[in-house]
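Start at 1 with the first residue, then count along the sequence.
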Amino acid sequence: MRYPQGGGLTAQRREVRERLRMAAAERFALGQDNTLIAKDLRVHVRSLQRWRKAWSEGGEAALVSKGPTSLPMLSDELFAKLEAELDKGPEAHGFPDQTWTLARIKTVIGRRFHKSYTPQGVAALLHRHGWSHQSPARRAVERDEHAVTVGKGDLAARGRTRAALSAWLVFEDEAGFTMTPPTSRTWSRRGHTPIARVRGRSRQHLSIAALTCYKPGERPRLIYRPAPARQPDGRKGFAWYHYRDLLTAAHHQLGGPIVLIWDNLNTHVCSAMKKFIAEHDWLTVYQLPAYSPDLNPTEGIWSLVRRALANIAFADLAHLEHAIRQRLRIIQHQPALIPLCQSGVSHPVSPG
């Protein structure tokens with residue numbers, strides 16, 4: 001930021017600016033023209049004119065930095081205390097939700113330090129200390145952060161189990177897609193909100209289960225299966241035997257043991273599935289902590305697919321399935337995309 005202290009540069013920028021002035025002074029002594037110096041040093045000609053005038057009156061000493069023109073009302077020590085207050089969350093300061101706004105931070109500064117800032121001043125203060133305006137990640141209220149922290153540590157142990165068994169580390173997850181697609185940003189004239197036409201009446205949806213598979217020395221794999229339209233028992237989603245068939249097919253395709261990590265869905269922990277797992281020594285299963293999708297890299301696959309489906313008006317369910325399969329095939333044929341979906345997942349897929 002150019003003027004973070006109400007009219008002055010930061011210490012680093014002042015140092016850079018002083019070096020430019022000293023380089024210009026050397027060129028002044030050689031009698032070079034302001035336009036040529038400005039072009040070489042990439043500064044404005046008017047700045048060179050001011051510097052030359054100061055140099056002619058006081059020499060190089062007149063070009064030495066005189067320090068900041070003003071000091072911020074909150075020093076670095078006080079801002080560290082402000083950060084501690086902000087880390088407590090808005091609700092701890094009596095605000096009704098979990099959103100920090102400039103007006104609310106201004107209020108906290110007034111209450112805690114008895115200093116008056118404008119919202120623009122608060123924004124400059126935050127930017128100077130590495131804060132930015134962001135969209136928050138959502139987390140379930142029921143989520144047990146301690147269990148998730150322990151789960152992240154356990155993933156490393158499961159990586160060692162995979163290495164000991166020379167197995168594939170496989171993550172499983174399901175997703176549902178509806179005929180109403182997600183919306184995405186698009187360009188439009190200012191003042192004219194663009195409209196994306198979608199089919200709003202259809203309640204049809206498609207469920208897909210996917211496996212992301214990792215093993216050192218092997219290219220990552222993506223294996224998926226859509227759920228049948230309707231089961232004999234009336235079920236529309238996946239039954240336990242669909243997961244059984246998917247895992248069996250993955251075992252044959254991967255050609256080795258599998259260390260499977262998935263969530264606590266009822267079909268994952270039912271007695272029939274537990275019996276299937278116990279009967280097959282090539283399959284080792286671990287459960288993820290509840291409400292922890294950030295530990296599952298397969299969630300990233302769904303983000304890539306949904307991004308490709310944005311703003312599409314699907315004609316029917318077959319059109320939706322074709323679009324999803326097409327995107328998943330693209331990911332399968334570009335295996336370098338699969339490891340990118342591990343962002344935020346703290347487990348190693350390499351040996352050790």
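L102 and P119 make their closest contact through CD1-O, 3.6 Å (heavy atoms, listed as atom of the first residue, atom of the second, distance). Between F238 and A209 the shortest heavy-atom distance is CZ-N, 3.3 Å. Contact detail for A23 and L41: the closest heavy-atom pair is CB-CD2, 4.3 Å. Across every non-hydrogen atom of L78 and F113, the tightest pair is O-CZ, 3.5 Å. Looking at every heavy atom in both residues, D33 comes nearest to R52 through C-NH2, 4.2 Å. In plain terms, the two heavy atoms of K215 and S166 that are nearest each other are NZ-O, 3.3 Å.
Rounding to the nearest 0.5 angstrom, the gap separating the NE2 atom in H333 from the CG atom in L328 is 11.5 Å. Between atom OG1 of residue T267 and atom NE2 of residue H242 there is a gap of 10.5 Å, rounded to the nearest 0.5 Å. Atoms CG and CD, on D263 and E299 in that order, are 8.5 Å from each other to the nearest 0.5 Å. Rounded to the nearest 0.5 Å, atoms CG (D316) and CE (M179) are 6.0 Å apart. Rounding to the nearest 0.5 angstrom, the gap separating the CD1 atom in I330 from the CZ atom in R325 is 14.0 Å. Interatomic distance, OG1 of T178 versus CG of L320, reported as 7.5 Å (0.5 Å rounding).
Between the side chain of H127 and the backbone N or O of A124 there is no donor-acceptor pair closer than 3.5 Å. Remark: side-chain polar atoms of N264 are not paired, donor with acceptor, to backbone N or O of P289 under 3.5 angstrom. Listed for the H93 side chain is no donor-acceptor partner under 3.5 Å among the backbone atoms of R104. Side-chain atoms of T248 come within 3.5 Å of backbone atoms of R244 as a donor-acceptor pair (strictly under, hydrogens ignored). Between the side chain of R21 and the backbone N or O of L63, at least one donor-acceptor pair lies under 3.5 Å.
The environment of R307 atom CZ is sparse: at most 12 non-hydrogen atoms of other residues, nucleotides or ligands sit within 6.0 angstrom. Residue H319 places its NE2 atom among more than 12 non-hydrogen atoms of other residues, nucleotides or ligands, all under 6.0 Å distant.
In terms of the ring-ring contact (aromatic ring centres under 6.0 Å, His included) criterion, residue partners of F28 (sequence neighbours excluded) are, by chain and number, W55.
Counting only N and O atoms by type, the side chains of E174 and Y224 include no donor and acceptor under 3.5 Å apart. For the 3.5 Å distance criterion, the side chains of E218 and W168 fail to qualify, holding no donor opposite an acceptor.
Under the 4.5 Å side-chain heavy-atom criterion for grouping Ile, Leu, Val, Met, Phe, Trp and Tyr, L295 is connected to Y286 within one hydrophobic cluster. Linking Ile, Leu, Val, Met, Phe, Trp and Tyr residues whenever their side-chain heavy atoms come within less than 4.5 Å places L211 and Y241 in a single cluster. Both L20 and V64 belong to a common hydrophobic cluster when Ile, Leu, Val, Met, Phe, Trp and Tyr are linked at side-chain heavy-atom distances under 4.5 angstrom.
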Exercise. Could you walk me through whether L125 and L82 pass side chain to side chain contact (heavy atoms under 4.5 Å, CB included), step by step?
Key: CA-CA 11 Å; L125 175 70; L82 174 62; 4.2 Å; yes

Practice problem: Verify side chain to side chain contact (heavy atoms under 4.5 Å, CB included) between F314 and L309, making sure each step is shown before the conclusion. | Solution: CA-CA 9 Å; F314 296 107; L309 301 181; 4.1 Å; yes

Quiz prompt | Steps toward side chain to side chain contact (heavy atoms under 4.5 Å, CB included) verdict (Q49, S47) | solution = CA-CA 5 Å; Q49 293 172 348; S47 297; over 6 Å; no

Quiz item: Which is it for I261 and N296 under the side chain to side chain contact (heavy atoms under 4.5 Å, CB included) test, yes or no, and what are the steps along the way?
Solution: CA-CA 8 Å; I261 300 176; N296 194 335; over 6 Å; no

Quiz item: Yes or no on salt bridge (charged side-chain N to carboxylate O under 4.0 Å, His left out) for E18 and R14, after CA distance, side-chain angles and deciding distance?
Solution: CA-CA 6 Å; E18 182 176 326; R14 287 196 301 272; over 6 Å; no

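Between D245 and R225 no salt bridge is recorded (no basic side-chain N to carboxylate O distance below 4.0 Å). Remark: E77 does not engage K81 in a salt bridge, criterion side-chain N to carboxylate O under 4.0 Å.
Between L169 and C213, every side-chain heavy-atom pair lies at or beyond the 4.5 Å cut-off. The shortest side-chain heavy-atom distance between E60 and M22 falls under the 4.5 Å cut-off. At least one side-chain heavy atom of W100 sits less than 4.5 Å from a side-chain heavy atom of V108. Contact annotation: the side chain of R17 never approaches that of S65 to less than 4.5 Å [non-hydrogen atoms, C-beta and beyond]. Residues T284 and L260 fail the side-chain proximity criterion, which asks for heavy atoms closer than 4.5 Å. Contact check for L86 versus I105: side-chain heavy atoms found under the 4.5 Å cut-off. Between F79 and L126 the shortest side-chain heavy-atom distance falls below 4.5 Å. Looking at heavy atoms from C-beta onward, H251 lies out of side-chain contact with L283 at the 4.5 angstrom threshold.
The aromatic rings of F276 and W282 sit perpendicular to each other, their planes meeting at more than 60°, with 30° as the lower class boundary. Under the 30°/60° scheme for interplanar angles, the aromatic rings of W262 and H268 are found to lie parallel.
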